[in-house]
Amino acid sequence: MKKFSIVVAGGGSTFTPGIILMLLDNLEKFPIRKIIFYDNDKERQDIVADACEIILKEKAPEIEFLATTDPKTAFTDIDFVMAHIRVGKYAMREKDEKIPLKHGVVGQETCGPGGVAYGMRSIGPVIELVDYMEKYSPDAWMLNYSNPAAIVAEATRKLRPDSKILNICDMPIGIEVRMAQILGLESRKDMEIKYFGLNHFGWWTDIRDKEGNDLMPKLKEHVKKHGYVPDAKVEGQHVEASWNDTFAKAKDVYMLDQKTLPNTYLKYYLFSDEVVEHSNPDYTRANEVMDGREKFIFGECKKIKESGTAKNTEFEIDEHASYIVDLARAISYNTKERMLLIVPNNGAIINFDPTAMVEIPCIVGSQGPEPLVVGSIPQFQKGMMEQQVSVEKLVVEAWAENSYEKLWQAITLSKTVPSARVAKLILDDLIEANKEYWPELK
Ligand SMILES: NC(=O)c1ccc[n+]([C@@H]2O[C@H](COP(=O)([O-])OP(=O)(O)OC[C@H]3O[C@@H](n4cnc5c(N)ncnc54)[C@H](O)[C@@H]3O)[C@@H](O)[C@H]2O)c1
Ligand SMILES: O=P(O)(O)OC[C@H]1O[C@H](O[C@H]2[C@H](O)[C@@H](O)[C@@H](O)O[C@@H]2CO)[C@H](O)[C@@H](O)[C@@H]1O
Ligand SMILES: [Mn+2]
């Protein structure tokens, strides 16, 4: 059986140790011969790499491992690039969140002006990863979950249309885990779902069990009262108060369209005023993550290195990241698994821009994804998506053309922003903060 060689781009990510443990837990399903970490911050990556090297030696010594900042070394002899870079790291995420809030606008990593700013930083470096892959391992596939995935996906569609890159998000998976728990099912895979939208901007239209029984009525009853907060505590990462509020808020988002079930991220567009009211402009999600997940991951990595063993580690297998293995297996073994991916619409949603990158169910095999037909979508969702997809397309155009005007239009069009005047104030602050990362706008 073939064993695969993978490069983790963004080796210094807080998600890397959990993903490595997940890969090790799935070796029977997806055998690995080599893991390479690639990052442009050697110091940060080395801390994670030193710990992961010990984990690998203890659990799978046969796997070759190395960490590098050299693209040629990283991308040569690779089957899969697993990409999760955060351009500008948490220091820039903090600015993405705080600058809009200073102007009374939602401050969020991937939504509104913060997402636009992050997108402008991410386009170039993600394209660079694609180019390294194509230069050094032209047969490889990139599984990308670097954010903001909607803008990154539009950029790769437009600028690298023939590249073998699959963009995927774990938010629907996280919500489906909760849905399964609400329904008393063992696994989210016991459900067959229909969903459409843009990344971090979508709706479930149908959820059934394997016998074809409609599970939507029971789910809606629950969501109407509790959002996506199940009766019993959910195992896993995101039970922090701010995430719990987001899962609970889905009940209000749901009331606006009771035919569908919403992605949690819609709260930032539909309840922007409340989100701003409840935000602390001096302490945002970036601060929570820096004080929480980042401190924990790096502290734990250092402990492993100092003690020379990972036997007592508190790291847990990132179970829900196993969608990455499902995707790699679908490509490698032509499994034809049905998965939600961010793909060119191409007529799947009949009454929507064929060039839009949409998040819809696809059958994934060795040729890549085959999107399933969605049909026509209702006016409410169509209107929202047309506005949002225009934001995403204008960001990519602004980046490619160095256009101040297009970026101003993009921010103005975001449903989170009240006027062109406020959009300009935010844009000018973002330009100043992102000098190191954005192309110069004219
Ligand atoms: N799609 C999803 O559903 C999903 C889920 C979770 C996380 N994410 C994304 O995964 C990424 C990592 O998140 P994190 O919180 O662990 O961030 P992090 O800052 O801990 O890690 C990101 C790493 O990327 C590196 N990096 C930045 N620019 C780079 C470049 N040009 N080349 C190589 N490496 C580079 C950084 O040095 C850092 O080590 C983010 O983009 C995040 O939004 C996506
Ligand atoms: O604020 P963060 O950095 O904790 O999370 C932002 C990311 O949120 C989503 O991913 C979640 C996922 O939905 C949740 O269930 C859990 O397992 O962790 C994931 C990562 O934090 C979202 O899909 C990502 O795009 C965001 O980066
Ligand atoms: Mn996501």
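Whatever order the structure lists ligands and atoms in, that order sets their numbers, starting from 1.
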TODO: For Phe15, take its heavy atoms, then give the atoms of ligand 2 lying under 4.0 Å from any of them.
DONE: 20 (C), 21 (O)

TODO: Supply the atom-to-atom distance Lys406 NZ to Glu397 CD, rounded to the nearest 0.5 angstrom.
DONE: 4.0 Å

Open item on the list: Are Phe65 and Phe37, when compared by the centres of their aromatic rings, separated by less than 6.0 Å?
Closed with: yes

Task: Under-4.0 Å heavy-atom contact with ligand 2, by part of Glu288 that carries it - done: neither

Task: Under 4.0 Å to a heavy atom of Glu109 - the qualifying atoms of ligand 2, by number - done: 6 (C), 26 (C), 27 (O)

- [ ] Output the distance between atom CZ (Arg157) and atom CG (Asn345), rounded to the nearest 0.5 Å.
- [x] 10.5 Å

Open item on the list: Quick test of your reading: applying ring pair (Phe, Tyr, Trp, His ring centres under 6.0 Å), list the pairs with at least one residue in residues 146-187, sequence neighbours left out, ordered by first then second residue.
Closed with: none

- [ ] Measure across Ile349 and Met385 and return the closest heavy-atom pair with its distance rounded to 0.1 Å.
- [x] CD1-CE, 4.0 Å

Task: Set of side chain to side chain contact (heavy atoms under 4.5 Å, CB included) partners for Pro369, sequence neighbours left out - done: Leu166, Leu341, Val343, Cys362

Open item on the list: List ligand 2 atoms under 4.0 Å from Met171, heavy atoms only on the residue side.
Closed with: 9 (C), 13 (O), 23 (O)

Task: Atom NZ of Lys393: over 12 foreign heavy atoms under 6.0 Å - done: yes

Task: Rounded distance (nearest 0.5 Å) linking atom NE2 of His200 with atom CD of Gln108 - done: 8.0 Å

Task: Contact partition for Tyr145 relative to ligand 2, non-hydrogen atoms under 4.0 Å - done: neither

Task: Audit row: Arg338, Leu372, side-chain contact (heavy atoms from CB on, under 4.5 Å) steps and yes/no - done: CA-CA 9 Å; Arg338 182 173 164 143; Leu372 295 172; 3.9 Å; yes

Task: Arg285: numbered ligand 2 atoms lying under 4.0 Å from its heavy atoms - done: 1 (O), 2 (P), 4 (O)

Open item on the list: Other residues, nucleotides and ligands only: do more than 12 of their heavy atoms fall within 6.0 Å of NZ on Lys34?
Closed with: yes

Task: Passing candidate, ring pair (Phe, Tyr, Trp, His ring centres under 6.0 Å) with Phe201, options Tyr265, Tyr268, Tyr269 - done: Tyr269

TODO: Check each atom of ligand 2 against the heavy atoms of Arg93 and keep those under 4.0 Å away; list them by number with element.
DONE: 1 (O), 2 (P), 3 (O)

Open item on the list: Taking the ring of Tyr195 and the ring of Trp204, is the distance between their centroids below 6.0 Å?
Closed with: yes

Open item on the list: Please list, in number order, the atoms of ligand 2 under 4.0 Å from a heavy atom of Cys169.
Closed with: 23 (O)

Task: Ligand-residue contact atoms, ligand 2 with Asn147, heavy atoms, under 4.0 Å - done: 24 (C), 25 (O), 26 (C), 27 (O)

Open item on the list: If the contact criterion is a heavy-atom separation under 4.0 Å, does His200 count as touching ligand 2?
Closed with: yes

Task: Sum of protein N, O or S atoms, each under 2.8 Å from the Mn ion (ligand 3) - done: 2

Task: Euclidean distance, Asn434 CG relative to Leu441 CG, rounded to 0.5 Å - done: 10.0 Å

Open item on the list: Quick one about Thr284 and Lys98 (side-chain donor to acceptor, distance below 3.5 Å, no hydrogens or angles considered), yes or no?
Closed with: no

Open item on the list: Side chain, backbone, both or neither: which applies to Tyr265 and ligand 2 if a contact is any heavy-atom pair less than 4.0 Å apart?
Closed with: side chain

Open item on the list: With rounding to the nearest 0.5 angstrom, report the CD to OH distance, Gln45 to Tyr38.
Closed with: 9.0 Å

- [ ] With a 4.0 angstrom cut-off on heavy atoms, strictly below it, pick out the residues next to ligand 1 and order them by chain and number.
- [x] Gly10, Gly12, Ser13, Thr14, Phe15, Tyr38, Asp39, Asn40, Asp41, Arg44, His84, Ile85, Arg86, Val87, Lys89, Tyr90, Glu109, Tyr118, Pro125, Tyr145, Ser146, Asn147, Ile168, Cys169, Asp170, Arg293

